[in-house]
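Proteins come first, then strands; the chains are lettered A, B, ... in the order of their sequence lines, and each starts at number 1.
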Number of protein chains: 2
Amino acid sequence: MSEHIRISEAEGAVMKLLWEKEPLSAGEIIERLQHQTDWSDQTIKTFLNRLLNKEAIRFEKTGRTYLYYPIVTRDQYMKAENRSFLNRVYDGAVGLMCAKFLEDEKLSESDIEQLQQLLDKKRKDG
Amino acid sequence: MSEHIRISEAEGAVMKLLWEKEPLSAGEIIERLQHQTDWSDQTIKTFLNRLLNKEAIRFEKTGRTYLYYPIVTRDQYMKAENRSFLNRVYDGAVGLMCAKFLEDEKLSESDIEQLQQLLDKKRKDG
DNA sequence: ACAATAAGATTACACGCGTAAACAATCCAT
DNA sequence: ATGGATTGTTTACGCGTGTAATCTTATTGT
């Protein structure tokens with residue numbers, strides 16, 4: 001069942017673009033990525049192809065241009081990555097993990113408030 | 001300068017043992033890991049060797065037995081993994097990441113309380 | 001002292017991924 | 001219709017990793 005599609009880091013960069021705006025043509029994807037990275041167009045095409053093979057994205061051929069759409073959602077991706085990270089590094093100990101992040105990373109005021117609200121809600125009906 | 005030692009998932013399992021109790025002999029490490037995994041002893045020896053080469057661990061030869069010690073600390077490891085995960089998946093957005101974890105994962109009462117205290121403290125003197 | 005055993009070192013191999021060149025197919029412009 | 005440009009497909013290659021067999025060296029029992 002859907003056999004746990006694994007999206008690599010570089011492939012993730014492509015997916016992020018498609019999650020922002022869908023669909024995108026190969027040209028658009030290449031252009032945007034070349035602003036952020038130093039990948040050649042061929043390299044980016046490779047990633048598109050691998051994502052197609054993994055069925056993480058699909059395309060629709062409208063006349064001359066291929067338009068790409070994500071199949072895997074950002075939410076699915078984040079959830080899967082979270083799980084594997086949490087288990088790999090923290091053996092599933094969410095509390096420890098969050099604590100470590102809060103300890104090391106800078107959070108804005110609004111981040112903090114937002115998290116406090118989430119925690120409150122979780123305490124009530126979690 | 002310490003050139004960012006990258007510890008793989010399987011190697012991480014070895015490190016975790018050494019972070020729990022230090023030092024350990026190869027035999028002890030092999031025995032413990034074979035309870036948790038289905039790796040052969042040779043496989044585990046490979047990981048020990050790679051960790052030695054990466055200088056993530058070291059050993060002391062006391063008579064016949066090699067005793068292994070971690071060089072990289074658990075804290076260094078968690079910090080590095082956190083950073084790379086945060087950037088890879090969330091482009092550095094800690095708030096978003098924590099929110100996603102809180103949304104998807106179960107936290108115990110005490111986890112929640114602990115985190116709330118951390119957030120309080122962070123808001124004050126962060 | 002020597003054979004058996006144990007422990008570490010070396011070598012191996014397939015697969016995913018980052019990286020990209022080479023090749024093929026399609027379409028526009030002339 | 002044809003050649004160049006565009007875009008997609010195939011092939012390639014080195015490195016890290018999971019997986020382990022084999023080789024070497026050291027230790028220990030007899």
Could you tell me whether [X] contacts a base, only the sugar-phosphate backbone, or nothing, with contacts defined as non-hydrogen atoms closer than 4.0 Å?
X: Phe59(A); answer: nothing
X: Phe47(A); answer: base
X: Thr46(A); answer: base
X: Thr43(B); answer: base

Is it the case that the side chain of [X] and the backbone of [Y] share a donor-acceptor pair, with hydrogens and angles ignored and the cut-off at 3.5 Å?
X: Glu81(B); Y: Met78(B); answer: no
X: Gln116(B); Y: Glu113(B); answer: no
X: Gln34(B); Y: Trp39(B); answer: yes
X: Gln76(A); Y: Thr73(A); answer: yes
X: Thr46(B); Y: Gln42(B); answer: yes

Whole angstroms only, please: what is the [atom1]-[atom2] distance between [X] and [N]?
X: Ile44(B); N: dT17(D); atom1: CD1; atom2: P; answer: 18 Å
X: Gln42(A); N: dA12(D); atom1: CD; atom2: C1'; answer: 13 Å
X: Tyr66(A); N: dT7(D); atom1: OH; atom2: P; answer: 12 Å
X: Ile5(B); N: dT17(D); atom1: CD1; atom2: P; answer: 12 Å
X: Gln34(A); N: dT7(D); atom1: CD; atom2: P; answer: 12 Å
X: Glu60(A); N: dG8(D); atom1: CD; atom2: P; answer: 14 Å
X: Leu33(B); N: dA20(D); atom1: CG; atom2: C1'; answer: 15 Å
X: Asp41(B); N: dC23(D); atom1: CG; atom2: P; answer: 16 Å

Side-chain-base donor-acceptor pair under 3.5 Å for Arg50(A) and dT9(D): no

N/O donor-acceptor pair, side chain Ser40(B) with base dA20(D), under 3.5 angstrom: no

5'-most by nearest nucleotide on DNA chain D - Lys61(B) or Asn49(A): Asn49(A)

Mutual orientation of the aromatic rings belonging to Phe85(B) and Tyr90(B) [parallel < 30°, tilted 30-60°, perpendicular > 60°]: perpendicular

Aromatic ring pairing Tyr77(A)/Trp19(A), orientation class (parallel under 30°, perpendicular over 60°, tilted between): tilted

Trp39(B) side-chain proximity, nearest of dG8(D), dT19(D), dA20(D): dT19(D)

N or O in side chain of Ser25(A) less than 4.0 angstrom from dT7(D) OP1/OP2: no

Distance test, side-chain N/O of Lys54(B) to OP1/OP2 of dT17(D), below 4.0 Å: yes

For chain A, the stretch of DNA chain C it reaches, first to last nucleotide, under 4.0 Å of its heavy atoms: dC17(C) to dC28(C)

Cationic N near anionic O, under 4.0 Å, Glu105(B) to Lys100(B): no

